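Just so we're on the same page: letters track the sequence lines, and every chain starts at 1. None of the values given here were measured: they were computed from a predicted structure. All values below come from the heavy atoms of this structure, side chains included, with hydrogens, waters and symmetry mates left out.
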Amino acid sequence: MSLYNFKKVESKWQDIWHKNHVFKATNKADKKAFILEMFPYPSGRLHMGHVRNYALGDVLARFRMAQGYDVLHPIGWDAFGLPAENAAIENKSHPGKWTYKNIEVMKKQMQSLGLGYDWSREFATCDPSYYKHEQKMFLDFYKNGMAYKKKSQVNWDPVENTVLANEQVVDGKGWRSGAIVQKKELSQWFLKITDFAEELLQGIEKLDKWPDKVRAMQRNWIGKSYGASIHFHVKETGDSVGVYTTRPDTLFGASFIVLATDHPISKQVSEKNSDVAAFIKKWQAMGTSQKALDTVEKAGVDTGLKAKSPIEDRDIPIYVANYVVSDYGTGAVFGCPAHDERDYEFAKNHDLPIICVKGDKEGNAFDVSEKPAMEEGISVNSGFVNGLDKAASIESVIKELEKSGKGSRQTNYRLRDWGVSRQRYWGCPIPIIYCDDCGVVPVPENQLPVQLPDDVSFDTPGNPLENHPTWKETTCPKCKAKAKRETDTFDTFFESSWYFLRFASPHSDQAFDRDLVEKWLPVDQYIGGVEHAILHLLYARFFCYALKKCGYMDLEEPFKGMMTQGMVCHETYKNELGKWVSPDQIRKEGSGYVENSTGAPIKVGSSEKMSKSKKNVVDPQFIIDEYGADAARLFILSDSPPERDFEWSEAGLQGAWRYIKRVWKMVESAKDIKSFKLDSVQGTALAALKIIHKTIDSITKDLELFHYNKAIARLRELTNSLADLDLKNTEESGVYRFGCGALIKLLAPFTPHLSEELWQILEGSEKETIIKAGWPIANQDYLSENTMTLAVQVNGKVRSKITVAEDASKEDIETLALADDQVEKHMQGQKPKKIIVVPKRIVSIVI
RNA sequence: GCGGGUAUGGUGGAAUUGGUAGACACGCUAGAUUUAGGUUCUAGUGGCGCGAGCUGUGGGGGUUCAAGUCCCUCUACCCGCACCA
């Protein structure tokens, strides 16, 4: 008996899979499965989150492959992004060089994990042969009116003279310079995702293989609401203020109107009114993203203007306030303090009237002297809607507004258009030329791709493309005059919005081969982190709707199945100084841990998401080197359901490793059992055979449902059962041999290297890989038992168990149950009032 | 504040349509063989009790012959979004 040499075995099989193109998709696709994990950003090395993500996908891909599906399981690189630029600044090297070096390292790591990818489809999004297609897509969006320019605010670092991403703003200051971040208006490109708000919302209904949580998040993000648009006439200026409300039923309770600080009327008034100007200045500087706004008091300033109520003869003062969102609705709201907490606070602060317009069924107005009445009620003090409930009041007010032309029914969406401009180097150039005479001119298709220049310098602050001496200089495609290129690049969500389409035909001259997209898409199972539940998934969905509109394809929803995995967590450790200590810096001593370097005791903290800042990370490379890929894969899939958080522990990993060694020994010992007959086995052998078939059946079902942790538990049960067999008995050893074959096939998606090696040992070297050997199929004849054990309850408590024939009649079961010693004892001579027999489950006796 | 989720032994977690709670593993305890590389094997392991037994799925209440599962209510924690009118 030999020891299991995982290092030798794992690299051996990785080579064989690679040489034989085992994971190459054939495009035959009569029974296809497109399995996709979110492609990684090449940040340097794999972390445990990657391992979990890719292991989940790999199990499914290998399972489907064994079942005979033509499997598309590709991987690539989301290669544009800010970290590459930061690294370039730090190391004085090129972002591309850094990126490709990382790709090389991570690719090697993926291969050493034994992930079954079709590497012939690999690509990196920073390759011009990839990004030229999205430049064309953008131009098609532009031609179809789905891309436009508008002014929008960015985070501006006045010291570095550069735009900051949200994550580069820390406590309102630039992360590097520490300068207070300013808001600056820049003209930027936007995609009209709002045009598809309704389709994207409706589409969610069809995505029944997505987690409800993610669907809900997308629904909320789109934020559809029903209400009315109301026009208030401004007496002094003759203007009209448009207001959107979901509660037109509270219009009779309106006692003021509040405008956002950058509402046109606010700006207009500020020119003459210094109080208003000062107020706007104060609140614009504050920004909007801070949590400080939470605690801040609702403040405002009177413009002196009065608006006329559209349904009453009543004047309403107009204020500028700090609590109105400027880019939602119209940036103006009517305040009904009696029935809105924010308006209530504002009214109290500014001594404005609080008009209660809701009451109980008898028409008694609610008490609003202490707080607003938020409950639903019947309209009171409300003219023509008095006595109506909420829904009827809303209807009635809208009808009246429409009759008088002072308002209309309106549906609103919270979703905003997608700003795609980034003032960065390491991204896809936006293919637009600005000509003094012709204006905005798209780059002609035959001039694509617009490539990034290689000779780029990060010495000067600001956008390197803008600073490049010659790159932006060009000629106008229309008039041939001197012109300038757009120096902004795309948001990197652009690349990830269509890469899954590219995988169907990664070497096509077009963005994708339409037939192949139709063959492979939608992605049958997409797997990734929940952090992408909204933006990435929404943008990718939008892209498909938009591409369809531009005639690229017929596909609408790209991801049929979605699975969001949980985080990988680990215990946290602190030393006596209260500093975080990493798990490889400590050792066990007695019942606790001590720090390696000092021998001082370690305080064990709660388990939290692995993060560098808490130093509770475990490097997958270390695990692969020490225990092998199979152990890492098996463990990371075994303890928790995929969608929940996973707790990494050394002990758990060792458990997986011990199991692998055990399987190795067991299966290797079965190799000499050559002939085995299973048809007529009896007794223990038959029972074991049944367990084998039942395990095949339940694991197949578990894998369909992503219950990998349960599948692994079943595998261990099967292993335990096989270990109990007596190999000196011919029948039992035959069943043992058969069971070992099934076991390694069932294990193959989880521990592919171990399974391949053992399969070769059992079946001889001429056999195909275990993946091609097919998925075991349970024999239905062995799934049923001819006897069964029923629990017997007396007054709701289990008192005994009886064994009956499977086809026993209710009467027989009753008789048997009543005759049982334990049951008799607990009946205490009383007669049963009622006996309930649930077939195959339980007997319940009531006395 | 809104939306979503979770709560089961010392730990991670199992448990079709309500039907034997704690599968499987980690850890722990005892024993055996002794491991030549991180052993392997056997037995035990929710709590209380010597025992028959009692009790037990975050707390309280309910429906039912029967509740981890269904209903009401409360609590704690986690995630996402947030002055969205």
Evaluate the side chain to side chain contact (heavy atoms under 4.5 Å, CB included) criterion for residues Asn709(A) and Asp639(A): first the C-alpha distance (whole Å), next the side-chain angles of each, then the deciding distance (0.1 Å), finally the verdict. CA-CA 6 Å; Asn709(A) 56 328; Asp639(A) 264 16; over 6 Å; no
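- When rounded to the nearest whole Å, the span between CD of Glu650(A) and C1' of U11(B) equals 16 Å.
- Listed pair Asn220(A) / G4(B) fails the phosphate criterion, with no side-chain N or O lying under 4.0 Å from OP1 or OP2.
- Side-chain atoms of His570(A) do not come within 3.5 Å of backbone N or O of Glu647(A) as any donor-acceptor pair.
- Relative orientation of the Tyr4(A) and Trp664(A) rings is tilted, given thresholds of 30° and 60° on the angle between their planes.
- Counting only heavy atoms from C-beta on, Ile842(A) has its side chain closest to G19(B) among G19(B), C83(B), U39(B).
- The interatomic distance linking Asp697(A) (CG) with U16(B) (C1') rounds to 13 Å, in whole Å.
- Taking a 6.0 Å sphere around CD of Gln822(A), one finds it holds more than 12 heavy atoms contributed by other residues, nucleotides or ligands.
- Here, G56(B) and U69(B) have their P atoms 13 Å apart, quoted to the whole Å.
- Remark: P of G12(B) and NZ of Lys710(A) are 18 Å apart, rounded to the nearest angstrom.
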Let me have a per-nucleotide readout for nucleotides 25-33 of chain B, 5' to 3', with B, S or -, counting only protein heavy atoms under 4.0 Å. SSS------
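- Contact annotation for Arg215(A): no contact, since no heavy-atom pair falls under 4.0 Å across all strands.
- Rounded to whole angstrom, the span from the NZ atom of Lys298(A) across to the C1' atom of G1(B) amounts to 10 Å.
- Nucleotides A66(B) and A21(B), compared at atom C1', are 14 Å apart to the nearest Å.
- An OP1 or OP2 oxygen of A7(B) is reached within less than 4.0 angstrom by a side-chain nitrogen or oxygen of Arg644(A).
- Of the possible donor and acceptor atoms, one in the side chain of Asn349(A) sits under 3.5 Å from a partner among the backbone N and O of Lys298(A).
- Atom CG of Leu251(A) and atom P of A85(B) are 17 Å apart (whole Å).
- Proximity of a side-chain donor or acceptor of Thr330(A) to a complementary backbone N or O of Gly242(A) within less than 3.5 Å is detected.
- Note on Lys797(A): only backbone sugar-phosphate atoms sit closer than 4.0 angstrom, heavy atoms only; bases stay farther off.
- Using a 4.0 Å heavy-atom criterion, one finds that Thr246(A) contacts the sugar-phosphate atoms exclusively.
- Rounded to whole Å, the separation between the P atoms of G5(B) and C83(B) comes to 23 Å.
- Computed from coordinates, the Ile624(A) CD1 to G38(B) P distance equals 22 Å when rounded to whole Å.
- Taking 3.5 Å as the limit, the base of C79(B) and the side chain of Lys213(A) contain no donor-acceptor pair of atoms between them.
- No hydrogens or angles considered: nothing links the side chains of Arg644(A) and Gln565(A) as a donor-acceptor pair under 3.5 Å.
- The side chain of Lys801(A) lies closest to U20(B) when the candidates are U20(B), G12(B), A7(B).
- Look at the C1' atom in both U16(B) and C70(B): the space between them is 16 Å, to the nearest Å.
- Spacing between G27(B) and G10(B) at atom C1', rounded to whole Å, works out to 7 Å.
- Across all their heavy atoms, Asp625(A) and Phe6(A) have their closest contact at O-CZ, 3.5 Å.
- In terms of position along RNA chain B, the nucleotide closest to Gly796(A) lies nearer the 5' end than the nucleotide closest to the other residue of the pair Arg247(A) and Gly796(A).
- Side-chain atoms of Arg414(A) lie closest to A82(B) of the nucleotides A82(B), U39(B), G13(B).
- With U20(B), A14(B), G38(B) as the choices, the nucleotide that has an atom nearest any side-chain atom of Arg714(A) turns out to be A14(B).
- Taking atom P on both nucleotides, C71(B) is separated from G18(B) by 11 Å, rounded to a whole Å.
- Note: CG (Asn5(A)) to P (G38(B)) measures 15 Å, nearest angstrom.
- Side-chain N/O atoms of Lys825(A) include one lying less than 4.0 angstrom from OP1 or OP2 on G53(B).
- Positionally, the nearest nucleotide of RNA chain B for Asp724(A) lies more toward the 5' end than for the other of Gln822(A) and Asp724(A).
- Which of G12(B), C54(B), A85(B) sits closest to the side chain of Val325(A) comes down to A85(B).
- Cation-pi geometry between Arg409(A) and Tyr226(A) is not met: the NZ or CZ atom fails to fall both under 6.0 Å from the ring centre and inside 45° of the normal.
- Pairing analysis of RNA chain B (Watson-Crick: purine N1 to pyrimidine N3 plus N6-O4 or O6-N4; G-U wobble: N1-O2 and O6-N3; both under 3.5 Å) yields stems of 3 or more pairs at B:1-7 with B:75-81, B:10-12 with B:24-26, B:27-32 with B:40-45, B:46-48 with B:53-55, B:58-62 with B:70-74.
- The glycosidic torsion of A52(B) lies more than 90° away from 0, placing the base in the anti range.
- The shortest heavy-atom contact between Ala299(A) and Phe279(A) is O-CZ, 3.5 Å.
- A syn base is found at G9(B): its glycosidic angle is within 90° of 0.
- As rounded to the nearest Å, U55(B) and G22(B) have C1' atoms that lie 15 Å from one another.
- Val792(A) comes within 4.0 angstrom of nothing in the nucleic acid, heavy atoms only.
- If you take CD1 of Ile636(A) and P of G12(B), they are 17 Å apart, rounded to a whole angstrom.
- For the residue pair Asp630(A) and Glu10(A), the shortest heavy atom distance occurs at N-OE2, 3.0 Å.
- A close approach under 4.0 Å does occur between a side-chain nitrogen or oxygen of Tyr328(A) and OP1 or OP2 of A85(B).
- Using a 4.0 Å heavy-atom distance criterion, His707(A) is classed as making no nucleic acid contact.
- Between U11(B) and G4(B), the two P atoms lie 30 Å apart (nearest whole Å).
- Within 4.0 Å (heavy atoms only), Glu626(A) reaches at least one base atom of the nucleic acid.
- Residue Lys694(A) places its NZ atom among more than 12 non-hydrogen atoms of other residues, nucleotides or ligands, all under 6.0 Å distant.
- Within 4.0 Å (heavy atoms only), Val846(A) reaches sugar-phosphate atoms of the nucleic acid but no base atom.
- Using a 4.0 Å heavy-atom cutoff across all strands shown, Tyr627(A) reaches at least one base atom of the nucleic acid.
- Under a cut-off of 6.0 angstrom, the local environment of NZ in Lys8(A) is sparse, with at most 12 non-hydrogen atoms contributed by other residues, nucleotides or ligands.
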